[in-house]
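Pasting a structure here, questions to come.
Index from 1, following the sequence. Only a predicted model underlies this, so the values are computations on that prediction, with no experimental measurement involved.
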Amino acid sequence: QVQLVESGGGLVQAGGSLRLSCAASGLTLTCSRNAMGWFRQAPGKERETVVRLSRSGAITYVADSVKGRFIASRDNAKNLAYLQMNSLKHEDSAVYYCAAVAGPAPGSYVYWGQGTQVTVSS
């Protein structure tokens, strides 16, 4: 059974940093078939794509709102994915999700984590 678990969220002051992790079980994140992405959803807002990585691990999309501040990466040995978030702003507050394995619809993913809360105090 495939499971994605995010961690690393929390409360941080504006200007601070957090690193989110996405741990996968039953799935190899670095498998050449597995695209993945990071998403976020704030209360009352639609889910927003933060970063997308292709099956090869190349970053194919970064939201304008996080360019230059957020960096996505993967640890092949540990089967982990990371989202390094720097210079955090109040508007970055949201539940952050990782997702993996491209789904049948363009831009969709098969597996999703439960999310981790990021709160940035202004």
Side-chain angles (χ1 to χ4, degrees):
Q1 183 177 359
V2 174
Q3 189 175 18
L4 300 178
V5 179
E6 303 94 338
S7 61
L11 174 64
V12 63
Q13 289 187 335
S17 298
L18 283 174
R19 188 177 75 162
L20 305 183
S21 299
C22 175
S25 59
L27 174 73
T28 301
L29 288 175
T30 56
C31 176
S32 60
R33 296 174 297 173
N34 295 335
M36 69 166 300
W38 287 93
F39 302 82
R40 66 185 183 185
Q41 188 166 21
K45 295 187 177 181
E46 293 187 354
R47 187 176 65 199
E48 176 187 15
T49 302
V50 179
V51 177
R52 289 184 184 269
L53 290 82
S54 70
R55 294 175 179 181
S56 66
I59 294 176
T60 57
Y61 174 84
V62 180
D64 287 341
S65 57
V66 306
K67 279 182 180 176
R69 300 188 297 121
F70 288 14
I71 302 170
S73 62
R74 298 193 303 199
D75 185 321
N76 295 352
K78 297 181 178 179
N79 204 30
L80 288 169
Y82 301 106
L83 183 66
Q84 177 67 43
M85 307 186 296
N86 302 317
S87 302
L88 284 162
K89 305 176 181 179
H90 177 68
E91 50 265 41
D92 293 321
S93 298
V95 177
Y96 283 72
Y97 302 87
C98 65
V101 182
S108 69
Y109 294 89
V110 176
Y111 302 107
W112 290 80
Q114 84 292 345
T116 185
Q117 177 72 49
V118 172
T119 303
V120 184
S121 61
S122 55

message = Does anything in residues 7-21 form a side chain to side chain donor-acceptor pair (under 3.5 Å)? List the pairs, not counting sequence neighbours.
response = S17-N86
query = What pair of heavy atoms forms the shortest contact from G107 to R52, and how long is it?
reply = O-NH1, 3.0 Å
task = On the 0 to 90° scale, with breaks at 30° and 60°, tag the F39-W112 ring pair as parallel, tilted or perpendicular.
result = tilted
hydrophobic_cluster_shared for V50 and Y61, side chain cutoff 4.5 Å = no
remark   = W38 and A72 have their tightest heavy-atom pair at CD1-CB, 4.4 Å
key: Least distance between heavy atoms, L18 atom then L88 atom   = N-CD1, 3.8 Å
ask   = What distance do S93 atom OG and L11 atom CG have between them, rounded to the nearest 0.5 Å?
value = 8.5 Å
task = Please list, chain by chain and in numerical order, all residues satisfying side-chain hydrogen bond (donor to acceptor under 3.5 Å, both in side chains) with S54, sequence neighbours excluded.
result = S56
message = With a 3.5 Å distance limit and no angle check, can you tell me whether E6 reaches the backbone of T116 through a side-chain donor-acceptor pair?
response = no
ask   = Do side-chain atoms of R55 reach the backbone of A102 as a donor and acceptor pair under 3.5 angstrom?
value = no
Common cluster, Y109/V62, ILVMFWY with side-chain heavy-atom separation under 4.5 Å = no
query = Is V66 close to R40 at the side-chain level, that is, under 4.5 Å between some pair of heavy atoms?
reply = yes
query = Roughly how far, to the nearest 0.5 Å, is the CE atom of M85 from the CD1 atom of I71?
reply = 12.0 Å
remark   = The side-chain hydrogen bond (donor to acceptor under 3.5 Å, both in side chains) partners of R69 (sequence neighbours excluded) come to D92
note = Residue set satisfying side-chain contact (heavy atoms from CB on, under 4.5 Å) with A42, at least two apart, ordered chain then number -> K45, A94
request  = Walk me through it: do Q84 and S73 pass the test side-chain contact (heavy atoms from CB on, under 4.5 Å)?
outcome  = CA-CA 8 Å; Q84 177 67 43; S73 62; over 6 Å; no
task = Would you list the pairs meeting ring-ring contact (aromatic ring centres under 6.0 Å, His included) in which at least one residue belongs to residues 67-104, sequence neighbours left out?
result = none
query = Rounded to the nearest 0.5 Å, what separation is found between the CG atom of L80 and the SG atom of C98?
reply = 10.0 Å
ask   = According to a 4.5 Å side-chain heavy-atom criterion applied to Ile, Leu, Val, Met, Phe, Trp and Tyr, with indirect links allowed, do Y111 and V5 form part of one hydrophobic cluster?
value = no
ask   = Would L20 and V118 count as a side-chain contact (heavy atoms from CB on, under 4.5 Å) if you check the C-alpha gap in whole Å, the side-chain angles of each, and the deciding distance to 0.1 Å?
value = CA-CA 9 Å; L20 305 183; V118 172; 4.0 Å; yes
task = Report the residues that fulfil salt bridge (Lys or Arg N to Asp or Glu O under 4.0 Å) with E91, sequence neighbours left out, ordered by chain and then residue number.
result = none
task = Consider only side-chain heavy atoms of I, L, V, M, F, W and Y, link residues closer than 4.5 Å, and tell whether V51 and M36 are in one cluster.
result = yes
